[in-house]
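Data block below; observations after.
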Amino acid sequence: MALTWQQPLPPIYTELSDAELRLRIASAKETLADKLVILGHHYQQDAVVEFADFTGDSFELSRYAAAQKGIEYVIFCGVHFMAESADILTDQNVRVILPDLGAGCSMADMANLEQTIECWEQLKESCPDDLIVPITYMNSSAAIKAFVGEHGGAVCTSSNCRNVLEWALAGGEGSGSRLDGSAPDTSSLNPEPRTLNPRVKILFFPDQHLGRNTAYAMGYPLEKMVVWDPRQDLGGNSERAIRDATFILWKGHCSVHALFRPEHVDQVRIDHPNMKVIVHPECKWEVVQKADMAGSTAYIVKQVEAAPPGSEWAIGTEVHLVNRLKQQHPEQKIVVLSDCQCLCTTMFRIDLPHLCWTLENLVEGKVVNEIKVDADTRKWATVALERMLAIKGSGNPVGKQQPAANMVD
Ligand code: 13P
Ligand code: SF4
């Protein structure tokens with residue numbers, strides 16, 4: 001989704017003080033009571049998180065949205081692709097609201113359906129005998145999720161990427177992903193993903209870094225991965241390189257996590273020798289390799305919560321989460337890995353005035369900023385999301401391990 005135009009709020013909402021907005025939000029929430037659930041991603045500002053009924057990473061929030069029964073509205077304090085997923089996973093009559101329509105995700109915008117279809121056609125011509133399983137990160141449009149669902153693949157998040165890739169390398173949904181439309185020869189698929197049939201390939205999008213970091217941690221060397229640049233023929237690769245690759249990584253990235261660089265880790269090692277470096281897998285491979293640990297936002301939260309007093313952390317993820325952890329754990333020393341402002345500006349668009357405006361409209365019976373996925377897209381995107389939710393072992397960290405020779409073809 002390209003950034004969507006958000007209508008200016010009625011002036012009153014920008015004139016009210018934070019204290020007044022808080023009172024009005026609390027009162028509207030009380031009026032709407034059980035009809036409403038407010039979900040808040042970990043990167044939201046504290047003032048918004050205060051009103052969330054549930055806070056989590058994108059995987060936790062999608063599971064939570066799927067579990068809601070009997071409600072009428074979900075206000076999703078996060079970004080557009082998350083609200084779309086919530087709309088897909090909740091009952092048809094539940095109305096999902098994004099308080100500011102400008103809250104998109106630049107990474108999700110790096111892959112569109114037209115480019116994806118073009119890529120798929122080119123892969124079909126280059127590797128006619130291969131079984132290609134498309135996997136998309138949660139940070140993608142509903143249209144991309146639907147494409148993936150229709151072609152035998154699944155969605156993943158940073159919490160369960162490894163589990164989803166293992167499932168995909170074992171053949172994914174099988175028949176749906178055969179490029180020529182015929183059923184795959186499953187007798188040749190090894191049930192052990194680690195010794196997979198060499199003809200299974202993963203098309204992973206839109207975040208090349210999550211794909212690379214996870215595949216590498218599973219034991220695949222970088223030579224088994226190519227980057228697909230949608231602006232170039234064959235994604236900028238030779239046919240040979242594509243045929244030899246196991247992972248075709250879409251050329252997308254998160255502009256916030258791209259701000260963390262290997263030299264930031266080097267500096268922490270010099271300045272704070274006892275500090276552990278923990279980063280999100282949207283960071284570049286070179287950063288993840290230098291870090292001590294890598295995992296989803298939920299994984300980062302769990303590591304800090306479980307650490308003893310006196311622990312020291314340099315955290316490579318969005319600044320609101322890092323600052324919240326810092327406040328919640330004064331017994332530990334917590335810093336942002338880099339000194340730049342690693343702020344997700346689109347997440348930051350969700351604020352008290354927008355939350356108050358959406359809630360007060362709901363009290364008056366008006367639904368503003370509804371996020372609705374059309375029926376066709378919903379059908380296949382649901383398949384891709386439900387496959388993800390059904391894959392066992394979600395929540396494992398990306399981890400870091402050296403490639404094992406027996407894991408690659
Ligand atoms: P999580 O899957 O860890 O919630 O990450 C979502 C996101 O947008 C990170 O940039
Ligand atoms: Fe998108 Fe990056 Fe913001 Fe996450 S932090 S929502 S990936 S731009």
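First listed ligand is number 1; within each ligand, the first listed atom is number 1. Being a predicted model, the structure only gives us computed values, none of them experimental.
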- Can you count the protein N, O or S atoms that lie less than 2.8 Å from atom 3 (Fe) of ligand 2? 1

- Task: Could you please spell out the steps behind the salt bridge (charged side-chain N to carboxylate O under 4.0 Å, His left out) verdict for Lys276 and Glu312?
- Result: CA-CA 6 Å; Lys276 282 214 157 56; Glu312 296 184 20; over 6 Å; no

- Item | Within the 6.0 Å centroid threshold, strictly below: Trp285 and His209 | no

- So Phe147 and Phe205, would you call those rings parallel, tilted or perpendicular, with 30° and 60° as cut-offs? perpendicular

- Item | Sole candidate of Leu249, Asp244, Asn237 that passes side chain to side chain contact (heavy atoms under 4.5 Å, CB included) when paired with Val226 | Asn237

- Measure centre to centre between the rings of His280 and Tyr299, then say whether the value is under 6.0 Å. no

- Message: If we check side chain to side chain contact (heavy atoms under 4.5 Å, CB included) with Phe81, which of these qualifies: Ser141, Cys105, Ser140?
- Response: Cys105

- Any side-chain heavy atom of Val367 sitting closer than 4.5 Å to one from Tyr73? yes

- Min side-chain heavy-atom separation Tyr43-Val256 under 4.5 Å: no

- Task: Check whether any side-chain heavy atom of Thr317 sits under 4.5 Å from a side-chain heavy atom of His257, and report yes or no.
- Result: yes

- Lining ligand 1 at under 4.0 Å, by non-hydrogen atom distance, are residues His41, Tyr43, Asp57, Ser58, Tyr137, Asn139, Ser158, His257, His280, Glu282, Ser296, Thr297

